[in-house]
Q: 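The structure's right below; bear with me while I get my questions together.
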Amino acid sequence: MLAYNFRSVCSICGEREFSFREILWPELVAAWQLSPLEVNYINRQQGFCCAACGNSLRCMALAAAILCTYNFSGTLAQFVESDFGKTLKVLEINEAGGLSPALKKLPNHQLVQYPEYDMTNLSLKSETFDLVIHSDTLEHVPNPERALSECGRVLRSNGKCIFTVPVIVDRMTRSRSGLSPSYHGQPGVPAEDQLVCTEFGADIWQTVLKAGFCSCEIFSHEYPAALVMIARK
Ligand SMILES: [Zn+2]
C-alpha cells in the first residue's frame, strides 16, 4: 500500500492552506551563480509554507519522507502520538525547522545542537538510535562526509538517517572553500554558523555512500524543489 499522499496536504498538521514568499536575495543568487529556474525552485523550497503550522515545503518534504519510510498513513502530528512512534529512538541534530515541536513529543527523542555538539564528532554512544534527522545543516559543516559517518555510527543496524540539504540538481557538488564566503540566514548578516561550506549537487548520493551507508534513496516530495535523502545503515 502506498501511504504517501501528502502533495496537497501539509504532512505535519494535515491542513490544506498554503502561503508563499520569496526568500533568496540578489547577493546570495549572485554568490551561488543561480539560474532563474534554480531561484524559483529554491524560493519554493524555503518560502512555500503551510498557513496553519508555518512549516516550509522543505520541512513538509522531510516529514513526508519519514512517514513514507515507516509506511505510516497519517500526519507527523499523528505519527508522534502513535504506538509505533513511541517505540522509535530518534536523534534530531540541530532543530529540524518547524518539525522540532512535533518531534519533541516523541518519548524517545533527543535533540543535540551546535555548538555544544559537533556533528563531526558526536559525543553520543554508538548504535543507539533508530532514526537520525537533520535539515539544512550538512551544508554548513566543514566535513559533510565525516558528519554523515557520525550519523551512521550512532544508528543501530537497519537505522536510517533522513535529512535535507539544498541541492542544485543540474550541477555537481562543490566546496565553497576558496570562493567568497556565502551565508544563509538573512541578507547582510554574516553569522559564522550560517557559513556555507558545501553546495550540494546531483552527486550528493556519493557523499552518503562514502560515509558508509549501504544505500541512499532520494525521495521526491516535489521535483526539484523538495528532495529528501534517506540513508540506510
Ligand atoms: Zn501544517
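Note that ligands are numbered from 1 as they come in the structure, with each ligand's atoms numbered from 1 the same way. As a basis for the values below, the full set of heavy atoms in this structure was taken, side chains included, without hydrogen atoms, waters or symmetry mates. Keep in mind it's a predicted model, so treat the numbers as computed, not measured.
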Q: Quick one: which of Arg156, Lys233, Lys89, Lys86 gives a salt bridge (charged side-chain N to carboxylate O under 4.0 Å, His left out) with Asp130?
A: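 Only one of Arg156, Lys233, Lys89, Lys86 forms a salt bridge (charged side-chain N to carboxylate O under 4.0 Å, His left out) with Asp130, namely Arg156.
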Q: No waters, cut-off 2.8 Å: how many protein N, O or S atoms are close to the Zn ion (ligand 1)?
A: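 Step by step: take the Zn ion (ligand 1), keep protein N, O, S below 2.8 Å, and you get 4.
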Q: Identify which one of Gln110, Glu92, Glu95 satisfies the side-chain hydrogen bond (donor to acceptor under 3.5 Å, both in side chains) criterion when paired with Lys104.
A: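 Single side-chain hydrogen bond (donor to acceptor under 3.5 Å, both in side chains) partner of Lys104 among Gln110, Glu92, Glu95: Glu95.
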Q: For residues 43-67, which residue pairs pass the ring pair (Phe, Tyr, Trp, His ring centres under 6.0 Å) check, not counting sequence neighbours?
A: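 Qualifying pairs, neighbours excluded: Phe18-Phe48.
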Q: Step through it carefully: locate the ring centre of Phe84, locate the ring centre of Phe72, and say whether they are under 6.0 Å apart.
A: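 No, they do not, as the ring centres are separated by 6.0 Å or more.
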Q: Look only at the side chain of Asp203 and the backbone of Met172, and say whether a donor-acceptor pair between them is shorter than 3.5 Å.
A: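 No: the side chain of Asp203 does not pair with the backbone of Met172.
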Q: First locate atom CD1 of Ile218, then atom CD1 of Ile204, and finally report the distance between them rounded to the nearest 0.5 Å.
A: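 The distance works out to 7.0 Å.
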